[in-house]
*Asks:* 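Sending over a structure as structure tokens; questions will come in a sec.
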Amino acid sequence: TRGHRFNPLRAERKTLGDVIRAALEALQNGERVVKGRTEEISRLRGFLLRETALCAHAMAHIDYEMMEDWKQQRLEEVSAGTVKRELTQLRGIFADAARKLHLVCSPLIHVKSPTVMDERVARFKLGEEGRLFAALAQADHPVVLPAAAFALDSGCRRGELLRIMKADYQRQNSTVYLHDAKNG
């Protein structure tokens with residue numbers, strides 16, 4: 001059988017910064033298409049600016065402890081939800097780098113995401129819905145009030161609402177098809 005060409009020095013030569021910059025470039029030039037592209041680009045730029053010391057390490061030397069320390073330090077600076085989003089983004093980048101650089105596994109494989117307690121229960125208090133819709137009725141554009149009523153009745157998010165096309169509406173069964181709903 002034939003063997004595979006393998007360069008064990010590849011992970012010694014590539015720094016975490018190189019990997020992050022490559023992921024950033026892939027997002028910017030459209031090689032990698034994701035929902036929330038602008039936010040991902042911003043997160044990666046921020047990571048490169050904040051984590052210069054970590055980004056200087058060769059990928060071969062980035063390990064679980066380093067990334068766990070990064071997570072703990074980051075939790076002191078920002079909310080658990082922000083750290084969870086950053087870890088989610090970095091997991092994909094690290095997994096791809098592990099494959100390309102022939103690492104045994106991603107250094108993030110055992111780093112657990114922080115627990116996020118950000119559930120919201122939004123309910124109108126007595127009279128709030130009426131005041132809201134009275135204010136919306138004063139809007140300059142006539143579509144604001146019916147759009148808000150539709151969003152409230154359907155639970156549709158702003159982006160989902162703005163992407164609805166006439167062809168998505170099924171009059172016979174009074175439904176609207178959402179092509180790219182956040183919650184699936």
Side-chain angles (χ1 to χ4, degrees), residues 1-123 151 155-163 178-184:
T1 64
R2 289 176 156 184
H4 295 282
R5 191 176 341 161
F6 176 70
N7 183 352
L9 298 177
R10 188 180 289 171
E12 290 281 347
R13 288 189 203 122
K14 288 276 185 191
T15 66
L16 174 57
D18 295 334
V19 169
I20 299 294
R21 280 187 287 280
L24 181 58
E25 188 177 320
L27 279 169
Q28 290 172 325
N29 67 22
E31 286 176 43
R32 186 165 167 255
V33 180
V34 294
K35 195 173 187 179
R37 177 179 166 268
T38 306
E39 291 80 10
E40 286 216 12
I41 288 171
S42 178
R43 249 185 249 117
L44 291 178
R45 284 181 179 156
F47 187 89
L48 286 169
L49 289 172
R50 275 189 321 277
E51 310 300 338
T52 52
L54 188 58
C55 285
H57 286 278
M59 285 300 292
H61 302 289
I62 303 279
D63 61 12
Y64 164 81
E65 286 83 15
M66 292 171 88
M67 296 313 297
E68 187 65 35
D69 289 346
W70 168 80
K71 179 185 89 172
Q72 293 306 322
Q73 178 186 352
R74 200 72 180 119
L75 283 169
E76 293 174 13
E77 302 165 352
V78 295
S79 73
T82 299
V83 175
K84 186 174 182 176
R85 279 187 294 282
E86 290 174 353
L87 272 170
T88 299
Q89 182 182 22
L90 290 173
R91 280 186 210 292
I93 293 167
F94 273 61
D96 188 49
R99 279 188 301 278
K100 289 178 180 174
L101 301 175
H102 306 288
L103 299 173
V104 174
C105 67
S106 164
L108 287 176
I109 198 163
H110 297 296
V111 176
K112 298 208 182 318
S113 292
T115 302
V116 178
M117 303 298 260
D118 66 350
E119 65 183 52
R120 294 172 280 174
V121 178
R123 301 281 183 259
C156 217
R157 291 173 167 87
R158 180 184 58 198
E160 295 164 352
L161 188 66
L162 292 172
R163 285 190 294 273
L178 302 177
H179 294 276
D180 193 17
K182 182 177 178 182
N183 65 5

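The structure presented is a predicted model; accordingly, all values stated were derived computationally and were not measured.
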*Asks:* Please give me the minimum heavy-atom distance between Leu87 and Ser113, naming the atom from each residue.
*Replies:*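 Nearest pair, atom of Leu87 first, then Ser113: CD1-CA, 3.9 Å.
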*Asks:* Sorted by first residue and then second, give each ring pair (Phe, Tyr, Trp, His ring centres under 6.0 Å) pair with at least one member in residues 24-45; sequence neighbours left out.
*Replies:*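 For residues 24-45, and leaving out neighbouring residues, there are no ring pair (Phe, Tyr, Trp, His ring centres under 6.0 Å) pairs at all.
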*Asks:* Which heavy-atom pair separates Ala80 from Pro114 by the least distance, and what is that distance?
*Replies:*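 Nearest pair, atom of Ala80 first, then Pro114: O-CG, 3.5 Å.
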*Asks:* Could you pull out all residues at least two apart from Glu76 that satisfy salt bridge (Lys or Arg N to Asp or Glu O under 4.0 Å)?
*Replies:*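 Checked Glu76 against salt bridge (Lys or Arg N to Asp or Glu O under 4.0 Å); zero matches.
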*Asks:* Quick one: closest heavy-atom pair of Cys105 and Ala98, and the distance?
*Replies:*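 Looking at all heavy atoms of both residues, the shortest contact is C-CB, 4.0 Å.
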*Asks:* Under the ring pair (Phe, Tyr, Trp, His ring centres under 6.0 Å) rule, what pairs show up with a residue in residues 71-95, not counting sequence neighbours?
*Replies:*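 Matches after skipping sequence neighbours: none remain.
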*Asks:* Hey, could you give me the CD/CE distance between Gln72 and Met67, rounded to the nearest 0.5 Å?
*Replies:*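 Between Gln72 CD and Met67 CE, I get 12.0 Å after rounding to 0.5 Å.
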*Asks:* What pairs meet the salt bridge (charged side-chain N to carboxylate O under 4.0 Å, His left out) rule with one or both residues in residues 50-71, with sequence neighbours excluded?
*Replies:*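 Qualifying pairs: Arg50-Glu86, Glu68-Lys71.
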*Asks:* First locate atom CD1 of Ile93, then atom CG of Leu44, and finally report the distance between them rounded to the nearest 0.5 Å.
*Replies:*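 That separation rounds to 4.5 Å.
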*Asks:* Between Ser42 and Thr38 (side chain of the first, backbone of the second, donor and acceptor by atom type, cut-off under 3.5 Å), is there such a pair?
*Replies:*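 Here the side-chain-to-backbone pair does not exist.
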*Asks:* Minimum heavy-atom separation for Val111 and Arg91, please, with both atom names.
*Replies:*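 Taking Val111 first and Arg91 second, the nearest heavy atoms are O-NH2, 2.8 Å.
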*Asks:* Counting N and O atoms only, with roles assigned by atom type, does the side chain of Gln28 sit under 3.5 Å from a partner on the main chain of Ile41, one being a donor and the other an acceptor?
*Replies:*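 Flag not set: sc Gln28 to bb Ile41 has no pair under 3.5 Å.
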*Asks:* Are any of the side-chain heavy atoms of Val19 and Leu101 separated by less than 4.5 Å?
*Replies:*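 With C-beta onward as the side chain, the pair touches.
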*Asks:* Find the distance between SG (Cys156) and CG (Leu162) and round it off to the nearest 0.5 Å.
*Replies:*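 The CG atom of Leu162 is 9.0 Å from SG of Cys156, to the nearest 0.5 Å.
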*Asks:* Enter the distance from Leu49:CG to Arg45:CZ here, rounded to the nearest 0.5 Å.
*Replies:*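 The CG atom of Leu49 sits 9.5 Å away from the CZ atom of Arg45.
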*Asks:* Roughly how far apart are Arg10 CZ and Leu103 CG, rounded to 0.5 Å?
*Replies:*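 Nearest 0.5 Å value for the CZ-CG distance: 10.5 Å.
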*Asks:* Restricting to salt bridge (Lys or Arg N to Asp or Glu O under 4.0 Å), what partner residues turn up for Arg37, sequence neighbours left out?
*Replies:*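 Arg37: no salt bridge (Lys or Arg N to Asp or Glu O under 4.0 Å) contacts found.
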*Asks:* For Asp18 and Arg21, which heavy atoms make the closest approach, and how far apart are they?
*Replies:*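 Of all heavy-atom pairs spanning Asp18 and Arg21, the closest is OD1-NH2, 3.3 Å.
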*Asks:* Run the salt bridge (charged side-chain N to carboxylate O under 4.0 Å, His left out) test on Glu39 and Arg85 for me, step by step, so that the C-alpha distance in whole Å, both residues' side-chain angles and the decisive distance to 0.1 Å come before the verdict.
*Replies:* CA-CA 10 Å; Glu39 291 80 10; Arg85 279 187 294 282; over 6 Å; no
*Asks:* To check you understand the geometry: which heavy-atom pair defines the closest contact between Leu16 and Leu54, and what is its length?
*Replies:*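 Shortest heavy-atom contact: CD2-CG, 3.7 Å.
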*Asks:* Take a 6.0 Å sphere around CD of Glu25 and say whether it holds more than 12 heavy atoms from other residues, nucleotides or ligands.
*Replies:*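 Open.
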*Asks:* Nearest 0.5 Å please: distance from the CZ atom of Arg32 over to the CG atom of Leu24.
*Replies:*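 That separation rounds to 10.5 Å.
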*Asks:* Restricting to pairs with a member in residues 43-89, which pass ring pair (Phe, Tyr, Trp, His ring centres under 6.0 Å), not counting sequence neighbours?
*Replies:*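 Output for this query lists Phe47-Trp70.
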